[in-house]
Amino acid sequence: MAKYNHREIEKKWQEFWSKNETFKASNNSKKPKYYVLDMFPYPSGSGLHVGHPLGYIASDIYARYKRHKGFNVLHPQGYDSFGLPAEQYAIETGQHPSMTTKENIETYRKQLDKMGFSYDWSREVRTSNPKYYKWTQWVFIQLFNSWYNKNLEKAEDISRLISIFEKEGNTIVRAASDDDVMPFTSDAWKSFSSIKRQEILLKYRLAFLSETEVNWCPYLKTVLANDEIVNGVSERGGHRVVRKKMTQWSMRISAYSQRLLDGLSTIDWPQPLKDSQANWIGRSQGVIIYFKIANCNLKIEVFTTRPDTIFGVSFITLAPEHELVGKITVKAQKEKVERYIEATASRSERDRISDIERVSGEFTGAYAIHPFTDKKIQIWIGDYVLLNYGKGAVMSVPCGDQRDYDFAKYFNISIPNIFENTDISEKAFVEKGETKLINSSFLNGMSYKKAVKTVISELEKRCVGYEKINYRMHDAVFSRQRYWGEPFPVYYVNGMPQMIDEKHLPIKLPKVEKYLPTEDGKPPLGNAEIWAWDTKTNTIVSNDKIDNKVVFPMELNTMPGWAGSSWYFNRYMDVNNDNEFASKESLDYWKEVDLYIGGSEHATGHLLYSRFWQKFLYDRGFVPADEYAKKMINQGMILGRSAFIYVISCKADFNFNYNSLPTVLVSSEVAKELKQNSLETKEELKIKIEKIDAELSNLYCERNKGSDIKVSLDTRVILPIHVDISLVNTSDELDMESFKNWSSEFKDAIFISEENGTFKAKREVEKMSKSKLNVINPDDICEEYGADSLRLFEMFLGPLEQSKPWNTAGISGVYSFLKKLWRLFHSRDVFEVSDSTPTKGERKTLHKTIKKVEEDIESFSFNTSVSTFMIAVNELTALKCNKRAILEPLLVLISPYAPHIAEELWSKLGYKTSISTVTFPKFDAKYLVENTKNYPISFNGKMRFTLNLSLDLSKHEIEKIVMTNEKTQAQLKGRIPKKVIIVPGKIVNIVG
RNA sequence: GCUCAAGUGGCGGAAUUGGUAGACGCGCUGGAUUCAAAAUCCAGUUCUUUCGAGAGUGUGGGUUCGAUUCCCACCUUGAGUACCA
């Protein structure tokens, strides 16, 4: 093998690594541990494109680097294999999702293997594997059997809560749970029936059943997520969607709001990601104020962050769904109010938000009493108030809040001003500065801060309000009406959920004939015939046997996609353990992820839920760390360069056979000209366009005999369509012949190209996706240039965290770098290295490179270290250096980036061991220091001159060298410098 | 609307704490080699220029001996979020 042959080399070493289990991590080692984790992929049917492995390459480089640095590295990979696309495919084809998933995983594995990742595949996880989801079900049971003790700020076993109830009832205990649990004494608890007790406990559990409002599509008989709804109808099919209450499993993530927020300051995650989690949790400090309702015993609780504006309240607005609405609405208003509520219910939450401009509401006819002035205040309902934020009720202060202001203006409600010297005739005054309050009784003359303090103490003194921290984050719905997810280990006795004992897990997914919801709207598992729990035999049995004495119905929902991904990082530590989700020893050894690399799109999904589960597992003593990932990097997206051409068509409003219209395709240049056909168009262009239009008209008329069609600006329609980028060359020219063959739709298409005969496509940078026909398959790149080139190039494209477009043309640079590297070790195609002592210059190149590469890897600037390698190889080539003492350490530096070529050359150097086990070379500054006499000094104005150095010396040493330098002396001409500014390693300024 | 990030050659992008702006690669130009091509190697490549030099990191100010970097205002683009009381 004389020439650099990436195909042979890469195949050879991938087999070697696999056979020797080179990257197998041990759970006990004297080396320090390091855990590098990738976000595991969902194995989709279309396979990987070059955008996917970007983060994997970065983490692989870091993992390999850490091995060189003497760490015991855990670098695993797996698959998040439950999910919707496989289920959708099953609905369409009847193929079982497990089959589709298995096939997709095989494709993924093949693709990943080609890129030379140093994964420990013996630790692979698949969330859809019963051996794995056994433990997902187990975690669910632990959550069910836990409650959140607010006094201790941690989760505890439910048995502890039961013993508290037995001793003292629920009046003293503080738990994170709904406030609507009625208080009871210990005696009362003891007198409750079993069902009543279960009902009460359910309100405390961290996994609990509750009535939740969902987007229900009656036609599809399923619940839709917010992003599956467009303009109030289902994205698929455009069916009506209504908001409906359903009993569903939820996770009490709200209990952890504060801890999830506080934890952010302890972890090294990207700031934008932390910001978006903090924003999602949405902590806001405010006050709850009670407003009595006139002529009855009821009161309204409102949440406000502006208690200082209490004297500006001119009405109260409730969410239409607020429970008091039905109770307080007066007869005369009843009909109107009910109509309004109905109208709101049919609109999804997203709709309400998008319709922000419209003011709507209805007066209930009832009045509240102001807690300080005792004045009567109108109570309205309005859909700008959301039920699930705060208390679902606001005290409306039109002078200080724009929405209240708009509402008041629209319904002609009074707008009293309470801010000194402000104009509120056009809009509300929303600033919280030093403006003094007026018309505010005991708050008069105070500014925002002081008024808030004063009013809170006054509210608390009168027992009409208290300080309260509100969080926007809600409990997370945990039920999905789907088939391809983890089944719940739950059966029902008298309507109350019962956990199946841990020792009978996993509860495997039952077989079903159809993956759609049942006729009567039950989830797909309702189609299963064998889906009942026999409490005698502790097995799943046929539904016929349900007798509600021994055999009971099973839960029909499945868990959501985020269940399996919320704890997988712990499973990698001890993946084959059938007795525990991971052994204590393995958890204590690996503890937490040291570096987590993945996309930021999961900021408020997976990355929040997984932190929640980890904190829960930590509370219950199952894991040793309460944050599972110390450091995280979000890799940017690699974008594709889509190509467009234009279809031109004619809207004709007379008798006309559209089907016989030829497909007329125009190049981007022509399309541009046609679009510019306006009055200002240049004469020359106008003639050209007219010519094209006439040609088109002729063409159309010919195909539609007897018709008379005239194409012009008014009738012309130009639509861009994606074309496969493989049909467009680097000069953006379309290969018209291949395009005709590519799809039967365009077989007879007519092309209108530019005058010189070329047919140019328009390029646009877009997200890489199959539907945009702009994907680049990494397999093709590996075949043509090799995995090492792909790895280097993906890193070279730009900063890891930034989005950047892919451009295959650029890969030749890194490819020729690898060839040059190869040639350093060869003389006339024969492997040859010399054992002679390196020169100072050669050492300088090496140590410069060591320093830079180490700094780059530690700061995740992988792009610049590729440049550094190129410079090093160019310099060594120029020096004709083939010395072992230089090339060996250089190979180690390069091996995390381009492992295959490094291994090959390493073995040619005569080593039997893998280069991955070699220690990273140490940097030696000595060779960077050179004689300052050789450096140019440039006089820069009257005041100063600069001296160029490239040293790694202390400031003091540099100062000494500079000041004694001959040229410095000559330049100074005896003057004494006022100031010497020294920047280590680079430039010296002497201010004269 | 709000929050955050970013604006540097034809292109992707370098530039440490404020210290030679444009590293490295692509592309382009010229040359060597070759019957020719590919491959490889060498030289050049921010703009303007009267070849002296001058201008230049989105725009306008400011701080500094010195600003791509720090401060203020504005413009543009991207991302996230949104009746949050």
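Every chain is numbered from 1 and lettered A, B, ... according to where its sequence line falls, protein lines coming before strand lines.
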Under 4.0 Å from OP1 or OP2 of [N]: is there any side-chain N or O of [X] that close?
X: A/Arg823; N: B/rU40; result: no
X: A/Lys819; N: B/rA39; result: no
X: A/Asn863; N: B/rG25; result: no

Does [N] have a Watson-Crick or wobble partner in any strand here, with both distances under 3.5 angstrom, and which is it?
N: B/rG10; result: B/rC26
N: B/rA53; result: B/rU48
N: B/rG18; result: none
N: B/rA82; result: none
N: B/rC74; result: B/rG58
N: B/rU64; result: none
N: B/rU40; result: B/rA32

Spell out, as yes or no, whether a donor-acceptor pair under 3.5 Å connects the side chain of [X] to the backbone of [Y].
X: A/His6; Y: A/Glu784; result: yes
X: A/Glu766; Y: A/Gly640; result: no
X: A/Arg641; Y: A/Pro805; result: no
X: A/His370; Y: A/Ile310; result: yes

Worksheet entry | Residue whose closest nucleotide on RNA chain B lies nearer the 5' end, A/Asp404 versus A/Lys820 | A/Lys820

Item to complete: Nearest-nucleotide wise, let me know which of A/Val394 and A/Ser276 is further upstream toward the 5' end of RNA chain B.
Response: A/Ser276

Worksheet item: Taking the same atom, P, in B/rU64 and in B/rA43, what whole-Å distance lies between them?
Response: 44 Å

Fill in: B/rC71 to B/rU16 separation - P atoms, rounded to the nearest Å
16 Å

Worksheet entry | Side chain proximity check, A/Lys3 to A/Asn5, heavy atoms < 4.5 angstrom |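 No, every pair of side-chain atoms sits at 4.5 Å or beyond.
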
Kindly give the atom pairs (protein nitrogen or oxygen, nucleotide nitrogen or oxygen) under 3.5 Å for nucleotides 5-12 of chain B.
{"from": "B/rG12", "atom 1": "O2'", "to": "A/Leu797", "atom 2": "O", "distance (Å)": "2.6"}

Calculate the interatomic distance between [X] atom [atom1] and [N] atom [atom2]; express it in whole Å.
X: A/Phe860; N: B/rU16; atom1: CZ; atom2: P; result: 19 Å
X: A/Leu318; N: B/rA85; atom1: CG; atom2: C1'; result: 13 Å
X: A/Tyr389; N: B/rU81; atom1: OH; atom2: P; result: 17 Å
X: A/Met395; N: B/rC83; atom1: CE; atom2: P; result: 21 Å
X: A/Lys852; N: B/rA23; atom1: NZ; atom2: P; result: 14 Å
X: A/Tyr384; N: B/rC83; atom1: OH; atom2: C1'; result: 9 Å

Fill in: Nearest-nucleotide pick for A/Met870, side chain only, options being B/rC83, B/rA14, B/rC24
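From the listed options, B/rC24 comes nearest.
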
Item to complete: Measure from the side chain of A/Pro799, starting at C-beta and using heavy atoms only, and say which of B/rG13, B/rC84, B/rA39 lies closest.
Response: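 Side chain of A/Pro799 sits closest to B/rG13.
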
Worksheet item: In terms of ring plane angle, is the pair A/Trp380 and A/Phe411 parallel, tilted or perpendicular, where the classes change at 30° and 60°?
Response: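 A/Trp380 vs A/Phe411 ring planes: tilted.
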
Worksheet item: For the residue pair A/Phe407 and A/Phe315, is the inter-centroid distance of their aromatic rings smaller than 6.0 Å?
Response: yes

Worksheet item: Hey, does A/Ser816 reach any base, or is it just sugar-phosphate, or nothing, if we go heavy atoms under 4.0 Å?
Response: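 Here A/Ser816 touches the backbone only, sparing every base.
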
Worksheet item: Base, sugar-phosphate, or nothing for A/Thr868, non-hydrogen atoms under 4.0 angstrom?
Response: nothing

